[in-house]
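Throughout, a chain's letter reflects where its sequence line sits, starting with A, and its residues are numbered from 1. Just so it is clear, the structure is predicted and the values come from calculations on it, not from any experiment.
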Number of protein chains: 2
Amino acid sequence: MSAKTDKMVTVPKAVINRLPMYHRFLYQLLLEGKEKISSQELSQLMRITSSQLRQDLSYFGEFGQQGYGYRVETLYQAISGILGLEKQYTAVIVGAGNIGRAIVNYPGFSRRGLKITGIFDNNPKNIGSQVGNLTVMDVEHLADFLKKYPVQIGIVSTPVQAAQKVAYILMKSGVRGIWNFAPIMLEKNGDVVVEDIHLGDSLLTLFYRLNEKEGKN
Amino acid sequence: MSAKTDKMVTVPKAVINRLPMYHRFLYQLLLEGKEKISSQELSQLMRITSSQLRQDLSYFGEFGQQGYGYRVETLYQAISGILGLEKQYTAVIVGAGNIGRAIVNYPGFSRRGLKITGIFDNNPKNIGSQVGNLTVMDVEHLADFLKKYPVQIGIVSTPVQAAQKVAYILMKSGVRGIWNFAPIMLEKNGDVVVEDIHLGDSLLTLFYRLNEKEGKN
DNA sequence: TAGATTGTTAATCGATTAACAATC
DNA sequence: TAGATTGTTAATCGATTAACAATC
C-alpha cells in the first residue's frame, strides 16, 4: 500500500512531465525482453539519478522489491495505468495542414488510445480531401458535428490567427482538453486542460543553445 | 551596463526556456503598435509574476527605465539578439513525412532565420518528390551532401527506428545542433546540442491531466 | 543468512516571489 | 518634484539528491 496516496500529496509538475519518459523507456525494455531492472540501471539509461526515479515512483505507490528491483512488465503496467492509457480518448483535429495530417497518420497515437473521429479545415482546397481514412470537413460544421458526436479532446493545428476562435468553439462544444500546436497562449473558458506544443519556441531555444556553446569556444 | 553579465552568472535553464515566450509576446505587441509596457502589464498578459519577468531580464542586462517601463521595440530587439535571431541557421531535414513537410512549409521558421537546404528520405516513394521548393533526396547521399554543403542543424523527423543512425551521420558530418522529433533519447558523440520535441510525451501528459481533473470532480 | 536494493526522510540545490532602495 | 516602476537582494517555495533504515 502506498503511503503517499492516502496522505494525498499532490504530484509535482516536474514528476508528471517525466511519466511519459518512464513509459517510453519501459516500453523499450519490454520489447527487448528485459524482465527486471534496478532503479540504478534504469536511471542510468534515462540519465537521471536513481534517487529521483525512486522518489518519483513513490508518489504513486510501491512498485519494486527490496534487494531485487522492479519487474519491467509490472512497472510498465503501473505507469500505463497512472497515465490512463487503458482508456480510449476521442478527438477531433482542426487544421488539416501537415501537422494535422501527421497526427492522423502517426500510428503511435492511436496505439496509445487516441481515436480521431473528425478533421476540419476552412480551406476549400482541403475540404473533401482524404486524410488517412477520414474526409476533411468544413470547419463551419465543427460545432454541429461535436453536438452529434462529442469528443474529449480538441487538437488545434490551425494557423495562429484562427486558433483562439477555434479553441472557443471546441470549449463551448464540451471538449475537456485541448492539444494546441498554434503559437499562442489560448484563453480558456471553463476548466479545460490545455497542453501546448510550441515548435517555434523549441527552435528558438535551440538557436540560443547553439550560440551559448559558441561563446564558450 | 549589466551587473549580471560581468559577474558571469550562468542563466538558469528555466529562464532560457521562457525567452521564446517573451519574444512571442513582444512580437505580438509590436504588431499591435504598442510602444511601451511595464513589467506589471506584460507579466499579466503572460500569466507570470512581474518579479519573474524582471528577474529573468536581469540575467542579460538592463532594458527598462525606472518610472516608465520598457519600450516594446527595444525589448523585442534585445530578446531577439539574446536568442541570436539576427543570424541565419542552415539545416537539413531527414524524414520527408508530414512532420518534415510541415517544417519546410511553415513560414514562421524561415522568418526566424532557419534556412533549409535539403530534405532526405529512404522511401523510394518520397525520393524525388517536391516539398516546398526542395526535392527529396535519398538519405544514402546525406553524408556526401553535407560534405559539400555543411549545415549547422540537422532535423530528425524519421521514424524512431532510423533516428539514432541518422543522428550519428549528422553528428559525424559536423552539425552542431539536432532538432529531434523522434521519440528517443539520442546518444551524442561530441558536444552537439540536442533539442527534443516529443509529441507523444506531450499527449500522454494531456491524458494524465484529463484524468487528474476527473478525480477531483 | 548476507547482499542488494527499495522507499523514505532529511539536506541541498535551484527557481520563484516579495519587498524595497534606487532612480527616471 | 511626486509618482511610478525598475533592478536587485533576501525570503520562500519547490525540486533534486544523498543517505540509510527497512526488508526482500
Peer 1: Determine: side-chain N/O of A:Y70 to OP1/OP2 of C:dG7, distance under 4.0 Å, yes or no.
Peer 2: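 Result: yes.
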Peer 1: Reckon A:Q65 touches a base, only the sugar-phosphate, or nothing at all at heavy-atom distances under 4.0 Å?
Peer 2: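 Sugar-phosphate, backbone atoms only, no base.
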Peer 1: Contact between B:L203 and A:W179 at the side-chain level, heavy atoms closer than 4.5 Å - yes or no?
Peer 2: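 A side-chain contact under 4.5 Å exists here.
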Peer 1: Starting from P on C:dT16, measure out to CE on B:M46 and report it in whole angstrom.
Peer 2: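 Taking atom P of C:dT16 as the reference, CE of B:M46 is at 12 Å.
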Peer 1: Check the distance between D:dT5's C1' and B:F63's CZ and give it to me in whole angstrom.
Peer 2: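 Going from CZ in B:F63 over to C1' in D:dT5 covers 17 Å.
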Peer 1: Any heavy-atom pair between the side chains of B:E212 and A:I16 that's under 4.5 Å?
Peer 2: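 Answer yes - side chains close enough.
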Peer 1: Find the distance B:L75:CG to D:dG7:C1' and express it as a whole number of Å.
Peer 2: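 Spelled out: CG on B:L75 to C1' on D:dG7 is 14 Å.
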Peer 1: What nucleotide, of C:dA15, D:dT5, D:dA15, holds the atom closest to the side chain of A:A14?
Peer 2: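 That would be D:dA15.
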Peer 1: Measure from NZ or CZ of A:K36 to the centre of the six-membered ring of A:Y70, then state whether that distance is under 6.0 Å and the direction lies within 45° of the axis.
Peer 2: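 Verdict for A:Y70: no cation-pi partner in A:K36.
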Peer 1: Less than 3.5 Å apart, any donor N or O on the side chain of B:N211 or A:K87 sitting next to an acceptor on the other?
Peer 2: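 Side-chain D/A pair, B:N211 to A:K87: present.
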Peer 1: Would you please confirm or rule out a distance under 4.0 Å between OP1 or OP2 of C:dA22 and any side-chain N or O of B:Q66?
Peer 2: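 Checking B:Q66 against C:dA22: no side-chain N or O falls below 4.0 Å of OP1 or OP2.
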Peer 1: Which nucleotide sits closest to the side chain of A:P12: C:dC24, D:dA15, D:dC24?
Peer 2: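 Between C:dC24, D:dA15, D:dC24, the one nearest the side chain of A:P12 would be D:dA15.
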Peer 1: Reading DNA chain D from 5' onward, which residue's closest nucleotide shows up sooner: A:I48 or A:Y68?
Peer 2: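 Mapping each residue to its closest nucleotide by heavy atoms, the 5'-most match is A:I48.
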Peer 1: Taking atom P of D:dA18 as reference, at what distance in whole Å does atom CG of A:L53 sit?
Peer 2: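 The answer, rounded to whole Å, is 14 Å.
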Peer 1: From the list C:dT16, D:dT8, C:dT5, which nucleotide is the closest neighbour of the side chain of B:E62?
Peer 2: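 When the side chain of B:E62 is considered, D:dT8 is the closest of C:dT16, D:dT8, C:dT5.
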Peer 1: Is there a Watson-Crick or G-U wobble partner for D:dA21 with both distances under 3.5 Å, and if so, which one is it?
Peer 2: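 The base-pairing partner of D:dA21, which may sit in any strand shown, is C:dT6.
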Peer 1: From the set C:dT6, C:dA22, D:dA18, return the single nucleotide nearest to any side-chain atom of A:S51.
Peer 2: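 Side chain of A:S51 sits closest to D:dA18.
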Peer 1: Can you see if the side chain of A:R54 gets near the phosphate of D:dC20 - specifically, an N or O under 4.0 Å from OP1 or OP2?
Peer 2: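 Indeed not, no polar side-chain atom of A:R54 lies that close.
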Peer 1: Would you mind telling me which of D:dT8, D:dT5, C:dT16 lies closest to the side-chain atoms of B:S58?
Peer 2: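 From the listed options, D:dT8 comes nearest.
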Peer 1: Please determine whether a side-chain nitrogen of the Lys or Arg among A:R47 and B:E187 lies less than 4.0 Å from a carboxylate oxygen of the Asp or Glu.
Peer 2: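 So A:R47 pairs with B:E187 through a salt bridge.
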Peer 1: Expressed in angstrom and rounded to an integer, what is the separation of B:L57 atom CG from D:dT5 atom P?
Peer 2: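 Value for this atom pair: 16 Å.
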Peer 1: Just how far, in rounded Å, is C1' of C:dG14 from CD1 of B:I16?
Peer 2: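 To the nearest whole Å, that distance equals 14 Å.
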Peer 1: Taking the cut-offs as 6.0 angstrom to the six-membered ring centre and 45 degrees off its axis, would you call B:R111 and B:Y27 a cation-pi pair?
Peer 2: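 Yes, a cation-pi geometry holds between B:R111 and B:Y27.
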Peer 1: Distance criterion of 3.5 Å, no angle test: do you see the side chain of A:Q55 paired donor-to-acceptor with the base of D:dT17?
Peer 2: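 Pair found.
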Peer 1: Provide, to the nearest angstrom, the distance between the CG atom belonging to B:D56 and the C1' atom belonging to C:dA15.
Peer 2: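 In whole Å, C:dA15 C1' lies 10 Å from B:D56 CG.
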Peer 1: Provide the Watson-Crick or G-U wobble partner of C:dT12, both distances under 3.5 Å; none if there is no partner.
Peer 2: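 Partner of C:dT12: D:dA15.
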Peer 1: Between C:dT6 atom C1' and A:Y59 atom OH, what is the distance in whole Å?
Peer 2: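 After rounding, the reported distance stands at 17 Å.
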Peer 1: Please classify the nucleic acid contact of B:S39 as base, sugar-phosphate, or nothing, using heavy-atom distances under 4.0 Å.
Peer 2: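 If one applies the 4.0 Å heavy-atom cut-off, B:S39 turns out to touch the sugar-phosphate alone, with no base involved.
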